[in-house]
There are 2 protein chains.
Amino acid sequence: MDFIGVTGYRGWEWKGSLAIQMLEAGPEIIESLPQGETRIPRQNLHSEVLALLRAAIMENQFKPKERLNERLLCERFGISRTPLREAFKVLASEGLLTLLPNRGAVVTSLSIKDFEATLAVMAHLETMIGEQAAINSDAQTIATIRAWHHQMFAHFLRREMAPYFELNQKIHLSLAAATGNGVLVSLYTSLNTRILRYRYQANLQPERWQAAVEEHEDILSALILRDGSRLGILLRQHLLNKGAAIKAGLEGADQPV
Amino acid sequence: MDFIGVTGYRGWEWKGSLAIQMLEAGPEIIESLPQGETRIPRQNLHSEVLALLRAAIMENQFKPKERLNERLLCERFGISRTPLREAFKVLASEGLLTLLPNRGAVVTSLSIKDFEATLAVMAHLETMIGEQAAINSDAQTIATIRAWHHQMFAHFLRREMAPYFELNQKIHLSLAAATGNGVLVSLYTSLNTRILRYRYQANLQPERWQAAVEEHEDILSALILRDGSRLGILLRQHLLNKGAAIKAGLEGADQPV
DNA sequence: ATAATGAATTTTGAATGCAATATGAACGAA
DNA sequence: TTCGTTCATATTGCATTCAAAATTCATTAT
């Protein structure tokens, strides 16, 4: 038990809400194992290792079709196979892993068809997010998103990819959260996680980055004007453009998307 | 090991696709433990008990907020706690169970807000299903749905609730499948399962049944005419009407929807 | 050299065991 | 009685163990 562990928290429900975790706690939740009084609420090994594996798959630390060896992962995390296998089952139900009976777990490899199917569903969810967020978001949320937008723009100007990307994710998740529809947030996050993996390995063109920033300008203005139908259309198109760019960026590579 | 068990199958992937299970294999998969040559492909204890629990929760054998005792369920299924607990984790990620750390699993109880949030997302998915199914379904699928529709109508005339309901589900799932979008099918099935629980305990009015049948007539005709936008609108409205009826049928009852 | 066979090793699936936590009853004080 | 305290029991979380299956690798036959 050298990497994760630390138990001892009460009154903490877990509903499997990956989305809320991502919103409330950034990746820093993993590194900081606080020693003092104020500890971050922790759950159990299963959900900790679940979050770690989910992040690792998303960040492409495990490649598609790669087989995950239970023993090695147990050693890496310093846990036994029981919580690891529990996490495997959940990741399989989320579509990130594929379980081969008696032959272990492999990272799910999206076919082009799967990728497009996911994109098509997400396009509808984006439309819904746009329509609902424009209606339901409060002034505070809009102000926050506006601030993030400007920070993100500054990172774009300095060509700082990682922090740009992080703010970008925050903005899209906040828009989903602004709908006030928890089910929507949860589905959106889950689908987003699946396709985000491929974003990491796609070679995106500089032009696409420029275009994305411009699209974000329009998105922000539609949000401020609370023009729901326009926001929905813009978010939908933004997603479809991103999807097309990822597909193009994977052409020629040996990835199976 | 008196209830489920029976291992020994190769070359069978499991992607957690609840939807495909529901379409391909009815509930009879559970009863028939074939002895002879032609066995139904089985997976592992975890996924078998997962399907059983999911069905049990959906059929309201476990009431919302009811606590599930691991030991009792293990005895009932004749298995150990390991696969049961794996199933718990997956059911929690599907939103059917809520895990209380160190205090076990309870059946998730949807608040009115959750119910409406789920309905709102499903409404969008229904629209998408209508639009896509009208385009993508082949003649064979339409013929099958048409036949099921007429069988269903016969059950309605004889007021045979259970077989009516079963065909009704088959029709809606087939429409989703007809889109050719596996992601859509999977999400639709998952959300549908959450909602369906409450349908079992709602006291639906006879008028609603009549109205639902009439809506299905329109749905079928739009499908045959391949009028996608109309089919989408009809499916969406059909769902919203059903949701309203369920909510009305739960009023006064002590359920927390 | 290649393909096929079979034993040794590794890996997975599931049951069991053990420590930590929660639950509930018995008891005593206000 | 009602509330709080203590202790026994039950339940959960996780590690370990055992059995079944797959994989590897050496050996043999073609």
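This structure is a prediction, so every number in the text was calculated from the model and none was measured.
Of the possible donor and acceptor atoms, one in the side chain of A:S174 sits under 3.5 Å from a partner among the backbone N and O of A:K170. Between the side chain of B:N136 and the main chain of B:A178, no donor-acceptor pair closer than 3.5 Å is present.
Regarding B:L73, its CG atom lies at a distance of 12 Å from the P atom of D:dT11, rounded to whole Å. Rounded to whole Å, atom P of C:dT11 lies 13 Å from atom CZ of A:F88. Atom CG in B:L72 sits about 12 Å away from atom P in D:dA10, given to the nearest Å. In this structure, A:L100 places its CG atom 14 Å from C1' of D:dA21, rounding to the nearest Å. The separation between A:I79 atom CD1 and C:dA19 atom P is 20 Å, rounded to whole Å. In this structure, A:R71 places its CZ atom 15 Å from P of C:dT9, rounding to the nearest Å. Across the protein-nucleic acid pair, B:N44 atom CG and D:dA21 atom P stand 13 Å apart, rounded to whole Å. Going from atom CG of A:L84 over to atom P of C:dG13 covers 11 Å, rounded to whole Å.
Closest to the side chain of B:P83, from the set C:dT23, C:dA15, D:dG13, is C:dA15. Of all nucleotides listed (D:dT12, C:dG13, C:dA15), D:dT12 comes nearest to the side chain of B:E70.
Within the 4.0 Å cut-off from OP1 or OP2 of D:dT11, at least one side-chain nitrogen or oxygen of B:N69 is found. OP1 or OP2 of D:dG13 has at least one side-chain nitrogen or oxygen of B:R85 nearer than 4.0 Å. OP1 or OP2 of C:dT23 sits under 4.0 Å from a side-chain N or O of B:R103.
For A:F62, the ring-ring contact (aromatic ring centres under 6.0 Å, His included) test picks out no residue, with sequence neighbours left out. Listed by chain and residue number, B:Q140 satisfy the side chain to side chain donor-acceptor pair (under 3.5 Å) test with B:T144 (two or more places apart in sequence, or in another chain). A:E116 meets the side chain to side chain donor-acceptor pair (under 3.5 Å) test with A:K247; sequence neighbours excluded. Considering only residues two or more places apart in sequence or on other chains, A:R85 meets the side chain to side chain donor-acceptor pair (under 3.5 Å) condition with A:E70.
Residue whose closest nucleotide on DNA chain C sits further toward the 5' end, between B:R67 and B:E86: B:E86.
Among the atoms of the strands shown, only primed sugar atoms or phosphate atoms (P, OP1, OP2) are found under 4.0 Å from some heavy atom of A:L68.
Within the structure, side chain to side chain donor-acceptor pair (under 3.5 Å) contacts touching residues 117-126 of chain A (residues at least two apart or in different chains) are A:E126-A:Y188.
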Please tabulate, one pair per line, each protein N/O and nucleotide N/O from nucleotides 16-18 of chain D that are separated by under 3.5 Å, including the distance.
| from | atom 1 | to | atom 2 | distance (Å) |
| --- | --- | --- | --- | --- |
| D:dT16 | O4 | A:T82 | OG1 | 3.4 |

